[in-house]
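The block underneath contains the structure these notes are about, expressed in structure tokens.
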2 protein chains.
Amino acid sequence: MVPVKKLREPDENLVRQKEAAFADFIQRKGLKTTRQRNTIISTFFRLRGHISVEELLNQVKQANPRIGYATVYRTLHLLVESGLVEERRFGDGLARYEGHSDVEHHDHMICLECGEIFEFFNPRLEALQESLAEENNFQIFRHRLELYGACKDKEACQRRKSRSSVAAQAE
Amino acid sequence: MVPVKKLREPDENLVRQKEAAFADFIQRKGLKTTRQRNTIISTFFRLRGHISVEELLNQVKQANPRIGYATVYRTLHLLVESGLVEERRFGDGLARYEGHSDVEHHDHMICLECGEIFEFFNPRLEALQESLAEENNFQIFRHRLELYGACKDKEACQRRKSRSSVAAQAE
DNA sequence: GCCGAAATTGAAAACAGTTTTCGTAATCCA
DNA sequence: TGGATTACGAAAACTGTTTTCAATTTCGGC
């Protein structure tokens, strides 16, 4: 079973690979390669974690301050369409985008104290879901499992259970 | 284990009980009892399922057409605060509200074809989540599990897998 | 290299769902 | 039954996201 892991630095080879895959996608669709899109995707792939549009735009603006929201949104949609990126919503009202990790499918643990998001995958869990669906005459296309709580890595998160921070507006 | 069930008609006694509980809540908070709030909550508790604000407003307007969005939103917030109702978001951008069923906690299967929402609960699933969290040094406060797919009750949902209907914008 | 159709951009407007404002009306305790 | 307090409803404001539109860029063919 694949344990929880904090996301590692994206490695440069993988990033290049993804950029190439996106270029392919763009070409296959008969779309055009533009400076803005390149800036956005290469910025995106070099970030790690679950990026909100605003976070991405901020980074992107460092490379090219003239790029605006619209283009970032549009490019993210393309990334999702290309299959290179997934959109997630964790209940704080923001869409977040995640470049595929090497784990194909995974679920999330979200620390309500520090906001850290961990990925995990467990085949028994998947199997159990399948068999439950089966029993109930339901066919699963996809699912979403999110555990909200406190990570124990940082003692701070265990102490500060006041639910003051991120917890307030989550969900 | 508690199997999937479609929601039954809310029974009149339970509804009365909830209305009373809400009245209590209002009083404890030093708020006022108003005709509008009464209309809204009694309409809400007599509906079943996972109600969107618009659905609720439509129903409410039949009893009193002068009631507007603002009051419905405000009353729903009170219901959530009172603990009698939970807010859910299934990724179509709408908040949905659910009066507690008799199953305290439960997860959801959502049919992407017909939009039907089923509730289920499975202790093994819960236990597995707990042990995964344990292993990974994480403390769960709450979680959310949603299975998206096609219900097999209606043959229509199995046939029509084209992802044309509800599926398109979901997530 | 240059043309021109087609795609893309950025700013701003539009949108959807939700929240807030503000003047008026209803509640309810002394 | 005041009268302070809370609630109401309509409309404006807000947030995150999408669309519009005129101007710009891309790129395959010449």
Side-chain angles (χ1 to χ4, degrees), chain A residues 22-41 43-44 50-58 60-61 63-82 85 87-97 168-171, chain B residues 22-44 50-58 60-61 63-82 85 87-97 166 168-171:
Chain A
F22 185 69
D24 268 19
F25 169 80
I26 288 297
Q27 201 148 342
R28 277 201 311 282
K29 284 213 78 179
L31 303 180
K32 291 174 179 171
T33 306
T34 69
R35 209 171 310 120
Q36 291 89 328
R37 290 220 262 248
N38 286 341
T39 303
I40 292 168
I41 69 153
T43 302
F44 177 82
H50 302 74
I51 318 290
S52 70
V53 175
E54 198 180 353
E55 284 163 3
L56 180 54
L57 181 62
N58 286 342
V60 163
K61 275 195 184 291
N64 178 352
R66 312 212 39 224
I67 294 179
Y69 271 102
T71 305
V72 170
Y73 273 107
R74 288 188 276 231
T75 305
L76 281 169
H77 291 331
L78 287 173
L79 280 168
V80 170
E81 198 187 335
S82 77
V85 164
E87 183 179 318
R88 308 256 178 206
R89 287 170 184 278
F90 295 119
D92 59 356
L94 298 188
R96 292 176 178 281
Y97 296 86
Q169 74 278 21
E171 185 97 9
Chain B
F22 186 70
D24 268 20
F25 170 79
I26 288 297
Q27 201 147 345
R28 276 200 313 281
K29 285 213 77 180
L31 304 180
K32 290 174 181 171
T33 305
T34 70
R35 208 170 310 120
Q36 290 90 328
R37 288 221 263 248
N38 286 341
T39 301
I40 292 167
I41 68 154
S42 83
T43 302
F44 177 81
H50 303 74
I51 318 290
S52 70
V53 175
E54 199 180 352
E55 285 164 2
L56 180 54
L57 181 61
N58 285 342
V60 163
K61 274 195 184 293
N64 179 351
R66 314 211 37 224
I67 294 179
Y69 270 102
T71 305
V72 170
Y73 274 108
R74 287 189 277 231
T75 305
L76 282 169
H77 290 331
L78 287 173
L79 281 167
V80 169
E81 198 188 336
S82 77
V85 164
E87 183 179 318
R88 307 255 178 206
R89 287 172 184 278
F90 295 119
D92 60 355
L94 298 188
R96 292 177 179 278
Y97 295 86
V166 199
Q169 74 278 20
E171 187 96 10

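Throughout, a chain's letter reflects where its sequence line sits, starting with A, and its residues are numbered from 1.
Taking all atoms of both residues into account, the shortest heavy-atom contact from B/Glu55 to B/His50 is OE1-O, 3.8 Å. Across all their heavy atoms, B/Phe25 and B/Leu78 have their closest contact at CE2-O, 3.7 Å.
Rounded to a whole Å, the CD atom of A/Gln27 is 15 Å from the P atom of C/dA7. Rounding to whole angstrom units, NZ of residue A/Lys29 and C1' of C/dA6 are separated by 15 Å.
The side-chain contact (heavy atoms from CB on, under 4.5 Å) test with A/Thr39 is passed by exactly one of A/Thr34, A/Val60, A/Thr71: A/Val60.
Taking every nucleotide of DNA chain D with any atom under 4.0 Å from a non-hydrogen atom of chain A, the first and last of them, 5' to 3', are D/dG16 to D/dC27.
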Fill in the blank from the handout: For nucleotides 17-26 of chain C, 5' to 3', base contacts (B), sugar-phosphate-only contacts (S) and non-contacts (-) with protein non-hydrogen atoms under 4.0 Å give SBBBB-----
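Between the side chain of A/Arg37 and the backbone N or O of A/Lys32, at least one donor-acceptor pair lies under 3.5 Å.
For the side chain to side chain donor-acceptor pair (under 3.5 Å) test, no residue two or more places apart in sequence or in another chain qualifies with A/Tyr73.
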Practice task
Could you go through the side chain to side chain contact (heavy atoms under 4.5 Å, CB included) check for A/Leu79 and A/Tyr97 one step at a time?
Solution key: CA-CA 9 Å; A/Leu79 280 168; A/Tyr97 296 86; over 6 Å; no
Exercise for the section: Mind running side chain to side chain contact (heavy atoms under 4.5 Å, CB included) on B/Leu56 and B/Thr43 for me, showing each step along the way? Expected result: CA-CA 8 Å; B/Leu56 180 54; B/Thr43 302; 4.0 Å; yes
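The CZ atom of B/Arg96 lies 11.0 Å from the CZ atom of B/Arg89; values are rounded to the nearest 0.5 Å.
Distances shorter than 4.0 Å separate none of the side-chain N or O atoms of A/Thr71 from OP1 or OP2 on C/dT8.
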